[in-house]
Amino acid sequence: MPHVITAFTRPAAADIAAIGKYSTATIHEAQGRLGALDGRIKPVRQGLHVFGPALTAQCHIGDNLMIFEAINRAQPGDILVVSAGNNPEQGGFGDVLAAACVGRGIAGLVIDAGVRDGAGLRQSGFPVFSLGLSIKGTSKETLGTVGHPVTVGGELIAPGDIIVGDDDGVVVVRKEPQALAAACQAREDAEAAMIEAFLRGEVDFSDRIAAMRAKGCTWDL
């Protein structure tokens, strides 16, 4: 049923910032390899890192009407998360709507569809994560929802979930951001120490080799 929810609880700014400092890969690993959206959803330009609370919208395939209401309802720092039918062959968002988002202080867009005006989007600097580029426009006729949970990229996303996007893709965080941030930092510290050791030539994969032997791998030496 078409419906718009105008109020929902957003995470505290400190919780969003605590998560937003980490990469999507680190977050995904630190929360038990959960929350990664479909790998086909990628940024329209490299070098992006965006984070914020999700403001969700559901559009009918081939139609972008509810994106307008989502923009209208967004608060500064929100990330629009739009379920649009998992269709790369439609471009229901472009440089004009990106300008509207910039004007409203929206932090970014995640959509399971194509977008268009690639050059204009890149020039605008507005962060967009999509299934790619498509010149095919959409209608503005069919009602949907704003502020309801949606499934995008195989992940159920509710309004207020924390979204993080970067060159690798997009991940969603649903709970306990401070505990997750601590796990992310511990993982980054461990990886930094490992990289430093490897660069010094201290490369030791004996634990991995032992695990391979335990699984039955043999060597012809």
What are the two closest non-hydrogen atoms of Val164 and Thr24, and how far apart are they?
O-CG2, 3.4 Å

Quick check on side chain to side chain contact (heavy atoms under 4.5 Å, CB included): which of Leu109, Val110, Val146 does Leu80 satisfy it with?
Leu109

Can Val171 be reached from Ile157 by stepping across I, L, V, M, F, W or Y side chains whose heavy atoms are under 4.5 Å apart?
no

Please report the shortest heavy-atom distance between Ile67 and Gly92, naming the atom on each side.
CD1-O, 4.0 Å

Report whether Val172 and Val150 are members of the same hydrophobic cluster (ILVMFWY, side-chain heavy atoms less than 4.5 Å apart, transitive linking).
yes

Under the criterion side-chain contact (heavy atoms from CB on, under 4.5 Å), I'd like the reasoning laid out for Cys184 against Thr26: C-alpha separation, chi angles, the key distance, then a yes or no.
CA-CA 6 Å; Cys184 287; Thr26 293; 3.8 Å; yes

Quick check with a 6.0 Å cut-off and a 45 degree axis cone: is Arg10 positioned over the face of Phe8's six-membered ring?
yes

Over 12 non-hydrogen atoms of neighbours within 6.0 angstrom of CG in Leu34
yes

Would you confirm whether Arg45, through its side chain, and Gly125, through its main-chain N or O, come within 3.5 Å as a donor-acceptor pair?
yes

Across all chains, not counting sequence neighbours, the side-chain hydrogen bond (donor to acceptor under 3.5 Å, both in side chains) partners of Gln178 are Asp15

Start with the C-alpha gap between Val115 and Leu133, add the side-chain angles, then the distance that decides, and say whether side-chain contact (heavy atoms from CB on, under 4.5 Å) holds.
CA-CA 5 Å; Val115 295; Leu133 296 173; 3.8 Å; yes

Taking CZ in Arg200 as the centre, count heavy atoms belonging to other residues, nucleotides or ligands within less than 6.0 Å. Is the count above 12?
yes

Starting from Leu37, can I reach Ile162 by hopping between I/L/V/M/F/W/Y residues whose side chains sit under 4.5 Å apart?
no

Answer yes or no: is there a side-chain heavy-atom contact under 4.5 Å between Phe68 and Leu97?
yes

Under a 3.5 Å distance rule, please check whether Gln31 uses its side chain to pair with a backbone N or O of Lys175 as donor and acceptor.
no

Tell me whether Val128 is reachable from Val82 by hopping between hydrophobic residues (I, L, V, M, F, W, Y) whose side-chain heavy atoms are closer than 4.5 Å.
yes

Can you tell me how far CD of Glu89 sits from CG of Leu131, rounded to the nearest 0.5 angstrom?
10.0 Å

Where do Arg104 and Asn72 land on the side-chain contact (heavy atoms from CB on, under 4.5 Å) test, with the steps shown first?
CA-CA 8 Å; Arg104 292 299 296 253; Asn72 187 49; 3.9 Å; yes

Side-chain contact test, heavy atoms from C-beta onward, threshold under 4.5 Å: evaluate it for Glu155 versus Arg174 and give yes or no.
yes

pair Phe129-Val50: side-chain heavy atoms closer than 4.5 Å
yes

Between CZ on residue Phe93 and CD1 on residue Ile71, distance to nearest 0.5 Å
5.5 Å

Phe126, Val81: one ILVMFWY side-chain cluster at the under-4.5 Å cut-off?
no

Between Ala113 and Ser130, which heavy-atom pair has the shortest distance, and what is it?
O-CB, 3.3 Å

So do Pro177 and Ile19 actually touch side chain to side chain, heavy atoms under 4.5 Å?
yes

If we ignore hydrogens and angles and just use 3.5 Å, is the side chain of Asp167 paired with the main-chain N or O of Gln46 as donor and acceptor?
no

At their closest point, which heavy atom of Asp112 faces which heavy atom of Gly153, and how far apart are they?
CB-N, 4.4 Å

4.5 Å side-chain heavy-atom contact, Met66 and Thr145
no

Would the distance check show the side chain of Ser139 and the main-chain N or O of Gly62 forming a donor-acceptor pair, the cut-off being under 3.5 Å?
yes

About how many Å separate CG of Asp161 and CD1 of Ile163, when rounded to the nearest 0.5 Å?
6.0 Å

Any side-chain heavy atom of Met212 within less than 4.5 Å of one from Trp219?
yes

Would you give the length of the straight line joining atom CD1 of Ile111 to atom CG of Asn86, rounded to the nearest 0.5 angstrom?
11.0 Å

If you look at every heavy atom in Asp78 and Pro53, which pair is closest and at what distance?
OD1-CG, 3.3 Å

Atom OG1 of Thr151 and atom CD of Gln58: how far apart are they, to the nearest 0.5 Å?
8.0 Å

Heavy-atom nearest pair, Thr56 first then Pro159, reads OG1-CG, 3.5 Å

Above 12 or not: heavy atoms from other molecules or residues under 6.0 Å from NZ of Lys21?
no

Rounded at 0.5 Å granularity, tell me how far CG in Asn64 sits from OG1 in Thr142.
10.0 Å

